[in-house]
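Here the structure is laid out as structure tokens; the discussion comes afterwards.
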There are 2 protein chains.
Amino acid sequence: MNLKQLEVFLWVAELKGFTKAAKRLYMSQPAVSFQIQSLEELLGVKLFWRNEKNVILTEAGKLLFEQAKQIVAHSNKIKSVVNDLKELKTGSFTIGASTIPGEYVLPKLIGDFHRRFPGIQINVRIAGSAQVEAWLLNREIDLGLCGALISGKEIECLPFLTDRLVLIAPPDHRWKSGEEVKINDLIKEEFILRESGSGTRKTFEASLARSGISKEQLSVVMEMGSTRAIIGAVEAGLGISVVSFLAAREPLLLGLIKEITVHNLDLDRELYVIRDQSWMNNFAAEAFHDFIFTGSPDNQGPSANKIFTPVS
Amino acid sequence: MNLKQLEVFLWVAELKGFTKAAKRLYMSQPAVSFQIQSLEELLGVKLFWRNEKNVILTEAGKLLFEQAKQIVAHSNKIKSVVNDLKELKTGSFTIGASTIPGEYVLPKLIGDFHRRFPGIQINVRIAGSAQVEAWLLNREIDLGLCGALISGKEIECLPFLTDRLVLIAPPDHRWKSGEEVKINDLIKEEFILRESGSGTRKTFEASLARSGISKEQLSVVMEMGSTRAIIGAVEAGLGISVVSFLAAREPLLLGLIKEITVHNLDLDRELYVIRDQSWMNNFAAEAFHDFIFTGSPDNQGPSANKIFTPVS
DNA sequence: CACCTTGATAAAGATATTTTATTTATTTGT
DNA sequence: ACAAATAAATAAAATATCTTTATCAAGGTG
């Protein structure tokens, strides 16, 4: 059997005539006869009662008519369903993000994207950078947002946002807000930091190393797995810290903590979108990837991209 | 789109390989590649992620997989549904019958037929012979059972059962049960008869005419539309009548009425199956038509055919 | 590094479908 | 009733489509 046969059959039944169906289908009448005959032969029944002046469905024809309508409709629907996928009217993808981009960048991005493409379901996973990379290689996520790369051999990695780390201190710290201190002054302080291996910690230690200070010279009094918890600890006067500006912004504005500038210490760090080049493209994931750089058309890009210079 | 493409697609997806699908489908691997490519081109999406060692469905492929399974299953079902019709596992037809065959022959026939072909739905209409013929020409019924024909030009008409009319009288009538009376004796009697135009009445009048008695010579004291009602009236002593043996049999056996023989009066009459030759065949109706003559295989024909000589 | 498996591609060959031309049957208009 | 018209069937040629054989390229394996 064959969809062409069914389609021709439906039109012959609908228009009650081989010639009429042929015109409707832009084919010759013998071709219609041929399709109907081949279908009748296949099924072993006459489908039409050909007679004086009219062509009428037999019982088997009536039965087939109902079934064929459904099949042809269903097969046409396939095209539109696949098209919906291409046109981002439907679809889904999974994005993984490390904590800073996941908590401070992704929510707004997702919000804007969802407003633009309401039919797309987005699944989000948040964990450490290493886990995000593992998920990607494992093909459990379509895209990742993270602060640092580990292996990176098969992974496409594009910077999409420049974050910077800021030195924060409790409001009652002897350094004044906005004061510029020297790098060596840091050695005397007590630090509360994210665990080793976290993107933030690695960035900070790399910056110090560039300024000739080894990580062992710092006095780390506490390690915490959550940037928000660290900020809370700094607020409480337990020590000072270096955290992503993205996370510190609100407590800074509220005066719960203060920012200290360190002379000559470069604390900028890129945030990256990562993607497995060797894996297939998912329309929605690709659209989101583009969206990260271009932003929504009806909304001049995610706010994070405005605050920090977007990097193509 | 085309069912072949979908079928090949399903097997490639199922077996996760072009070569494996090719073997399963008894075709060459390039033919499989061709079908998948043409489908991908048609839909404008990649359906498989072809890679080292494995072939994996893309998102669009997964979507298509679900739809294609249904379509292919549905199209396969068509063949079996049509086959059920051919094999009389399903189907329906409408039969019309005049009162005598409809009430005394058809019930048993239908019962036997239904036992033999339980999937077939039978619709029955009962009315006068003229109405049955009109229904047939109007194509409202597939078959008809009746006692007499009117036009008959386009109608195939086969006798399937010989009925005979019997003269019945009340138990207390002066004629004795089984007594043979002369035709002229009938003129002195008071008759209760079916209406003019009914098969029974026409047969009776035609028989009388053959014996030289015109219908005006009879004294008809009552006309009734129902044979059963006539028998009741005869029981009650309102007169005598001539009715189908089929209808009179039970009251005769119970002694509620008695049968009188009329010397030299031929009251046999055929019952006919009628069919419109110029109309299409319905599998179930045709099977029933055959069944009327051959009877059920597991049940030596309908009892009516045993009591009266069946006529081929 | 030779060898095997898997899918893609090209070109020839085989099928299937469509068209043009014609036939048959029936209907319609005069 | 007879020519013209309409509708479907059929035959043969033309075309389109699908399949195969042969071959290639890439990746994995012993």
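This is a predicted model, so every value here is computed, not measured. Residue numbering restarts at 1 for every chain, and letters A, B, ... go by the order of the sequence lines. The basis for the numbers below is simple: all heavy atoms, side chains too, and nothing from hydrogens, waters or symmetry mates.
A/T90 places no side-chain N or O within donor-acceptor distance of the main-chain N or O of A/D84, the cut-off being under 3.5 Å. Judged by distance alone, with hydrogens and angles left aside, the side-chain atoms of B/K86 form no donor-acceptor pair with the main-chain N or O of A/A60 at under 3.5 Å. At distances below 3.5 Å, at least one donor-acceptor pair connects side-chain atoms of B/N282 with backbone N or O atoms of B/S92. Between the side chain of B/D142 and the backbone N or O of B/T94 there is at least one donor-acceptor pair closer than 3.5 Å. At distances below 3.5 Å, at least one donor-acceptor pair connects side-chain atoms of A/E40 with backbone N or O atoms of A/L47.
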Worksheet item: Given A/E14 and A/R24, is the salt bridge (charged side-chain N to carboxylate O under 4.0 Å, His left out) satisfied, shown in steps?
Response: CA-CA 11 Å; A/E14 186 76 30; A/R24 180 66 185 64; over 6 Å; no
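Around the NZ atom of A/K79, the shell of radius 6.0 Å holds more than 12 heavy atoms that belong to other residues, nucleotides or ligands.
Atom CG of A/L47 is separated from atom P of D/dA8 by 15 Å (rounded to the nearest Å). Taking atom CG of B/N51 as the reference point, atom C1' of D/dG27 lies 10 Å away to the nearest angstrom. The distance between atom CG of B/N2 and atom C1' of D/dA16, rounded to the nearest whole Å, is 13 Å. Between B/F48 atom CZ and C/dT6 atom C1' the separation is 14 Å, expressed in whole Å. In this structure, A/L39 atom CG and C/dT17 atom P are separated by 11 Å, rounded to whole Å. D/dT17 atom P lies 11 Å from atom CD of B/E41, rounded to whole Å. When rounded to the nearest whole Å, the span between CD1 of B/I56 and P of C/dT6 equals 15 Å. One atom, CZ of B/R50, and another, C1' of D/dG28, lie 20 Å apart when rounded to the nearest Å.
Judged purely by distance below 3.5 Å, without hydrogens or angles, the side chains of A/S33 and A/Q29 pair a donor atom with an acceptor atom.
Put simply, the residue from B/F113, B/F160, B/F93 that forms a ring-ring contact (aromatic ring centres under 6.0 Å, His included) with B/F291 is B/F113.
Proximity of residues 27-38 of chain A to DNA chain D (heavy atom under 4.0 angstrom from any strand atom) is restricted to A/Q29, A/P30, A/S33, A/Q37. Less than 4.0 Å separates DNA chain D from at least one heavy atom of each of the following residues of residues 3-24 of chain B: B/K4.
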